[in-house]
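Before any comments, here is the structure.
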Amino acid sequence: APPDAPAPPSENLALLIGVMRTVLEGEIGPQDNFYALGGDSIKAIQISSRLRERGASLSVGDILRNPQLTRMADFMSRSDADETAKEAQGEVPVTPPIRWFLDQHLAEQGQYNQSMLLRLLRPMSAAQVGPVLEALVQHHDALRLNLDKDGRLFYNPAHRAARVPVEEMSIDRLEEIHRLETSFDLSHQLLLRARMVHCGEERYLFLTLHHLVVDGVSWRILLDDLAALFARQERGEDLRLGHKSDSYQTFARMLTGLDEPPCPACACDGFLRADAHVDHVILPRAVTASLLARREERRRVQDGLLTALYQSLRKTGWDSPLLLEREGHGRDRVPQANTERTVGWFTSFERILVSDGNEGENTPPDTRVPGQEEEARYGASLVRWNYLGELNEEANGYFEPIPAIWRGDHSPKNRAGCRLCVDVLIARGQLEAYFTYSSKDADCQKLSRCFLKTLESILADYPGRLSARP
């Protein structure tokens, strides 16, 4: 069939259901609803990308607008994967998250990273891993980005044939990884560092990228590609990847032409990272399962988590109203851009003012957009919220991601720009929350445990009342 020619409906639907089963959990049938299965915009990006790898085209927008699977399949088409997309070159317009980063005026801009720890499931050497990472850098243009001293983002041609050294090291306890720090030269260095870590009988790959070139959705793309490259290496095939979607540069140019609101101004300096303390709490597996089992509510899980956060903040002595900065994946700001396979920093930032509702304990708070005077008045207690969704990576036989907030990602000289950072995700069937704050802030010390208890109480008492009121 010629490119973009419709495939038989039954064939489309079978392929769609098969791909959805690799992203969503549970049984899936033709009459199911994408949202009721736990679908969201991040999962739509993954599904669109994996369909493209199998020679089918279905846009993220069509997935979100047509949640019923038989209807969604009508928008699929067959097409050849584009393996010859033009390499991005030159300067990239500064996007809102990059502007937000620059406006923080960090003491150590080169140490604002995101890291991923992978437990290796089979023997691998640094000599094997290096060429795979080099292929990843060659395929994803954003991994060759640098930032010059004038704040201009550009693709560095020196990285086209860059070697990626893999450092080998041994540690006694996995917790020692928190002490590993990487500070990049943003103007010249490849913004990727790899370490092969030996800990007892286990082997790990610890990857660190500067946040300028990666975000939460990008990590999902990179891990999929990493597994695909390891498989090609094992079969003795060329280390190359197929389809490339629109470049980060293309997205940034499209965004420049829109009436995009500016990123929020810095509300406060926040705590010094040298004083940072991280509380890590896990919701019991059975309670997480009960949360996710309410399929009709899964689109509103994040609102339920925000309700629990607000109530626990109030219970531990925080005043109302609260100024909250909520992160989103940001890729939906340019609907016409195809970013399903694009790596980069797309994050959006939204400020909301959260205050007590009128219906008693464990009920949703009121939320609204704050004015400039309110941002100034309540900014000193800014809470930054990042819900990463479900990280249910398909088993690949090569590695298993171990989610965590790694303290070495941030320079101890940098300030957080908020009073409290809350990162929440669901991994391996359990909800995990990370609360990062100053060790000198007494009001935060009981917060994490209170959050778990409050969330369990909300689920037990108000199973149909998960949403915050706009």
Side-chain angles (χ1 to χ4, degrees), residues 92 95 97-118 129 133 136-137 140 142-148 151 153 156 159 162 164-167 169 171 174-197 204-223 226 248 270-278 280 327 329-330 343-347 349 384 386 388 391 401-418 421-423 425 434 436:
V92 179
T95 57
I98 306 297
R99 173 53 53 197
W100 178 91
F101 168 76
L102 294 171
D103 288 345
Q104 301 302 304
H105 301 292
L106 299 174
E108 295 281 353
Q109 287 188 329
Q111 193 173 345
Y112 191 80
N113 306 328
Q114 288 194 340
S115 295
M116 181 69 69
L117 182 67
L118 307 176
V129 173
L133 295 178
L136 209 61
V137 171
H140 290 290
L143 299 183
R144 302 193 299 277
L145 284 169
N146 281 123
L147 183 76
D148 70 19
L153 197 65
N156 191 336
H159 299 327
V164 180
V166 181
E167 176 186 352
M169 59 184 301
I171 58 176
L174 208 54
E175 290 75 16
E176 294 178 37
I177 290 178
H178 282 290
R179 297 205 298 265
L180 298 180
E181 296 187 14
T182 298
S183 184
F184 293 103
D185 176 350
L186 297 183
S187 298
H188 303 98
Q189 271 188 315
L190 186 71
L191 303 183
L192 162 65
R193 184 171 181 181
R195 297 176 174 99
M196 184 78 77
V197 180
Y204 300 87
L205 180 60
F206 189 59
L207 299 175
T208 298
L209 290 165
H210 196 281
H211 206 338
L212 286 173
V213 302
V214 76
D215 59 15
V217 174
S218 298
W219 273 114
R220 290 171 166 90
I221 297 168
L222 291 173
L223 294 183
L226 197 60
Y248 189 67
F271 59 89
L272 192 65
R273 289 286 182 178
D275 298 327
H277 176 80
V278 180
H280 175 210
E327 295 189 20
H329 64 74
V343 168
W345 191 3
F346 293 84
T347 305
F349 301 91
R384 184 172 298 136
N386 187 15
L388 295 167
L391 305 181
I402 300 178
I405 300 297
W406 302 105
R407 289 192 289 273
D409 280 345
H410 297 277
S411 168
K413 297 179 182 179
N414 288 342
R415 290 194 171 274
C418 61
C421 300
V422 185
D423 297 274
L425 55 88
Y434 298 84
T436 308

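Hydrogens, waters and symmetry mates play no part in the numbers below; they use all other heavy atoms, side chains included.
Taking the side chain as every heavy atom from C-beta outward, Arg195 and Tyr204 never approach each other to under 4.5 Å. Pro401 has its side chain within reach of Leu223: a pair of non-hydrogen atoms, C-beta onward, lies under 4.5 Å apart. Using a 4.5 Å heavy-atom cutoff, the side chains of Val217 and Phe346 are not in contact. Two residues are said to be in side-chain contact when any heavy atoms from C-beta on lie closer than 4.5 Å; Phe271 and Thr436 meet this criterion. Here the side chains of Phe101 and His211 are not in contact, with every heavy-atom distance at 4.5 Å or above. Looking at heavy atoms from C-beta onward, Leu226 lies in side-chain contact with Leu207 at the 4.5 angstrom threshold.
When all heavy atoms of Leu180 and Phe206 are compared, the closest pair comes out as CD1-CD2, 4.0 Å. Across every non-hydrogen atom of Val343 and Ser218, the tightest pair is CA-OG, 3.5 Å. Across Ala194 and Leu133, no two heavy atoms sit closer than the pair CB-CD1, 3.4 Å. Leu106 and Arg415 make their closest contact through CD2-O, 3.7 Å (heavy atoms, listed as atom of the first residue, atom of the second, distance). Closest approach of His188 and Asn156 over heavy atoms only: O-ND2, 3.7 Å.
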- Verdict with reasoning, Leu425 to Asn386, per side chain to side chain contact (heavy atoms under 4.5 Å, CB included): CA-CA 9 Å; Leu425 55 88; Asn386 187 15; over 6 Å; no

- Task: Evaluate the criterion side chain to side chain contact (heavy atoms under 4.5 Å, CB included) for residue pair Phe184 and Leu212; output intermediate values, then yes/no.
- Result: CA-CA 11 Å; Phe184 293 103; Leu212 286 173; over 6 Å; no

- For Gln111 and Lys413, run side chain to side chain contact (heavy atoms under 4.5 Å, CB included): C-alpha distance rounded to whole Å, both residues' side-chain angles, the deciding distance at 0.1 Å, then the answer. CA-CA 10 Å; Gln111 193 173 345; Lys413 297 179 182 179; over 6 Å; no

- After noting the C-alpha distance and the side-chain angles of Val137 and Arg144, does the key distance pass the side chain to side chain contact (heavy atoms under 4.5 Å, CB included) rule? CA-CA 7 Å; Val137 171; Arg144 302 193 299 277; 3.7 Å; yes

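Looking only at distances, a side-chain donor or acceptor of His210 sits under 3.5 Å from a matching main-chain atom of Gln109. Asp409 contributes a side-chain N or O that, together with a main-chain N or O of Ser115, makes up a donor-acceptor pair within less than 3.5 Å. In terms of modelled atom types and a separation under 3.5 Å, the side chain of Tyr434 and the main chain of Val278 share no donor-acceptor contact. No donor-acceptor pair under 3.5 Å is formed between the side chain of Arg384 and the backbone N or O of Cys421. Formation of a donor-acceptor pair under 3.5 Å by the Asn146 side chain with backbone atoms of Gln189 is found in this model. The main-chain N or O of Ser187 is never found under 3.5 Å from a side-chain atom of Asp148 such that the two would form a donor-acceptor pair.
More than 12 heavy-atom neighbours from other residues, nucleotides or ligands sit within 6.0 angstrom of NE2 on His280.
A distance of 9.5 Å separates CZ of Arg407 from CZ of Arg179, quoted to the nearest 0.5 Å. Once rounded to the nearest 0.5 Å, the distance linking CG of Asp103 with CD1 of Ile98 reads 11.5 Å. A distance of 9.5 Å separates NE2 in His178 from CD1 in Ile405, rounded to the nearest 0.5 Å. Put simply, CZ on Phe349 and CZ on Arg99 are 13.0 Å apart, with the number rounded to the nearest 0.5 Å. Thr208 OG1 to Glu181 CD: the interatomic distance, rounded to the nearest 0.5 Å, is 10.5 Å. Between the CG atom in Asn113 and the CH2 atom in Trp406 there is a gap of 14.0 Å [rounded to 0.5 Å].
No option in Leu209, Val214, Leu191 other than Leu209 meets the side chain to side chain contact (heavy atoms under 4.5 Å, CB included) test with Leu143.
Ring planes of Trp100 and Tyr112: tilted class, angle from 30 to 60°.
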